[in-house]
Protein chains: 2
Amino acid sequence: MGELIGKKTTFSELQCSKNLAATEDALYVVGGKWTLRVMIALLSGHTRFNDLQRTIKGISARVLSGELKDLEINDLLKRVVDPNQKPVAVEYIPTEYSQSLKDIISALADWGLKHKKKITTHE
Amino acid sequence: MGELIGKKTTFSELQCSKNLAATEDALYVVGGKWTLRVMIALLSGHTRFNDLQRTIKGISARVLSGELKDLEINDLLKRVVDPNQKPVAVEYIPTEYSQSLKDIISALADWGLKHKKKITTHE
DNA sequence: ATTAGTAGTAAACAAAAGGTTAGTAGTAAT
DNA sequence: ATTACTACTAACCTTTTGTTTACTACTAAT
């Protein structure tokens, strides 16, 4: 193992495998390229298909469609159809459970902000 | 926008674009399939190439090599060579800056743990 | 009548990511 | 002398991911 310089370890050996296993589980659900982007848009009140596609820059209908299906399977959103609306309206509503993603999103957003500052000021 | 059911928004419209932009920046650096797994292993004291490959199940030498290069470019690790060791020893040392990833990793690990409990007990 | 918007899906294709195999060059043990 | 370990890399191939185009079917506006 680390013989030379870095004796500092942020996680213990035991925590390493725990962390690896737990983040493995998290990344399996939420680690896809688009998953969190979709969830952020959903949690911000964008609930319609075309609205989501406009909000999430670069996503194609095919990929968005797939993401929404996976997210429903994982209980992160509910697909709700309103037949009363003129051309049948479909809404994708984030579930109560999806609120638990807030911590992950906040942590990522904070880090992204700090990182951008770092690379724009220093380098 | 969401006319029907879900009036609750976790993020405001303004926060949405901020979140999307900031997480975009974060995911660009840290959103790859292997990036966080490598960082967890590094932060746990695994600093040698083959040690890392053994610790991170499923990663190939080619991919690990690429990840390590990218991580060094992003100031998350330093490649240190010790020519005094028998077959020239190379160590990958996490930087001070890499400590800032702790929040992201913790948030993901926590969520992963909760999610696993959820799917094993409920469904 | 034509254009545009709703919410998608299927097929065909391109690009990105990753795996596998083999090989380098040096040391150290059996 | 052969095997094995270190730290990789190049070439080739497969898998995954994503894009594009076209199409459905219905509504509302111009």
Side-chain angles (χ1 to χ4, degrees), chain A residues 1-6 24 27-39 41-42 45-74 77-94, chain B residues 1-6 24 27-39 41-42 45-74 77-94:
Chain A
M1 288 151 222
E3 259 85 76
L4 270 95
I5 300 110
E24 210 78 42
L27 291 175
Y28 182 78
V29 177
V30 111
K33 183 175 176 184
W34 298 103
T35 318
L36 283 177
R37 295 170 226 246
V38 175
M39 284 311 306
L42 281 170
H46 300 272
T47 56
R48 306 288 294 267
F49 190 90
N50 286 347
D51 185 19
L52 287 165
Q53 202 184 349
R54 265 181 254 111
T55 305
I56 306 156
K57 303 258 167 76
I59 200 166
S60 67
R62 181 183 175 273
V63 168
L64 178 56
S65 174
E67 288 291 332
L68 292 171
K69 276 172 188 161
D70 288 348
L71 288 169
E72 190 172 23
I73 287 169
N74 287 312
L77 66 81
K78 201 98 206 146
R79 187 177 184 273
V80 180
V81 186
D82 183 3
N84 297 339
Q85 294 226 1
K86 9 242 160 150
V88 72
V90 180
E91 283 202 281
Y92 296 93
I93 312 293
Chain B
M1 287 149 225
E3 259 87 76
L4 270 95
I5 300 111
E24 211 78 43
L27 291 174
Y28 182 78
V29 177
V30 110
K33 184 175 174 184
W34 297 103
T35 317
L36 283 177
R37 294 170 226 248
V38 174
M39 284 312 306
L42 281 170
H46 300 271
T47 57
R48 305 289 295 269
F49 191 92
N50 285 346
D51 185 19
L52 287 164
Q53 204 186 348
R54 265 181 254 111
T55 305
I56 306 156
K57 304 257 166 77
I59 200 167
S60 67
R62 180 183 173 275
V63 170
L64 178 56
S65 175
E67 289 291 332
L68 293 171
K69 275 172 190 160
D70 288 349
L71 288 170
E72 190 173 21
I73 287 168
N74 287 311
L77 65 81
K78 201 99 207 145
R79 188 178 183 270
V80 180
V81 185
D82 184 3
N84 297 339
Q85 293 225 4
K86 11 245 164 145
V88 73
V90 180
E91 284 201 282
Y92 297 93
I93 313 293

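Both backbone and side-chain heavy atoms feed into the values below; hydrogens, waters and symmetry mates do not. A note on names: the letters A, B, ... follow the listed sequences, proteins ahead of strands, and every chain is numbered from 1.
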Pairwise distance [atom1]([X]) to [atom2]([Y]) - rounded to 0.5 angstrom:
| X | Y | atom1 | atom2 | result |
| --- | --- | --- | --- | --- |
| B:Arg79 | B:Thr47 | CZ | OG1 | 12.5 Å |
| B:Leu52 | B:His46 | CG | NE2 | 7.5 Å |
| A:Thr55 | A:Arg48 | OG1 | CZ | 12.5 Å |
| B:Leu42 | B:Leu36 | CG | CG | 11.5 Å |

Which of the following nucleotides, [options], is nearest to the side chain of [X]?
| X | options | value |
| --- | --- | --- |
| A:Ser60 | D:dA7, C:dT6, D:dG18 | D:dG18 |
| B:Trp34 | D:dC8, D:dT20, C:dG18 | C:dG18 |
| B:Val90 | D:dC8, D:dG18, C:dG8 | D:dC8 |
| A:Arg48 | D:dT6, C:dA7, D:dC8 | C:dA7 |
| A:Ala61 | C:dA7, C:dT9, C:dG18 | C:dT9 |
| B:Val63 | D:dT6, C:dA7, C:dG18 | C:dG18 |
| B:Arg54 | D:dT6, C:dG8, D:dC12 | D:dT6 |

Gap between atoms [atom1] and [atom2], on [X] and [N] respectively (whole Å):
| X | N | atom1 | atom2 | answer |
| --- | --- | --- | --- | --- |
| A:Ile59 | D:dT19 | CD1 | C1' | 12 Å |
| A:Tyr28 | D:dT16 | OH | P | 12 Å |
| A:Asp70 | D:dG18 | CG | P | 11 Å |
| A:Arg62 | C:dA14 | CZ | P | 15 Å |
| A:Glu72 | C:dA7 | CD | P | 15 Å |
| B:Phe49 | D:dC5 | CZ | C1' | 14 Å |
| A:Leu64 | C:dT6 | CG | C1' | 14 Å |

Checklist entry - Is there side-chain contact between A:Leu64 and A:Phe49, with at least one heavy-atom pair below 4.5 Å? => result yes

Checklist entry - Can you find a side chain N or O atom of B:Lys69 that sits less than 4.0 Å from OP1 or OP2 on D:dT9? => result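 Answer yes for this pair, as a side-chain N or O of B:Lys69 is under 4.0 Å from OP1 or OP2.
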
Checklist entry - Contact class for B:Gly58 vs. all strands (heavy atom < 4.0 Å): base, sugar-phosphate, or nothing? => result sugar-phosphate

Checklist entry - So what does A:Ser65 touch, heavy atoms closer than 4.0 Å: a base, only the sugar-phosphate, or nothing? => result sugar-phosphate

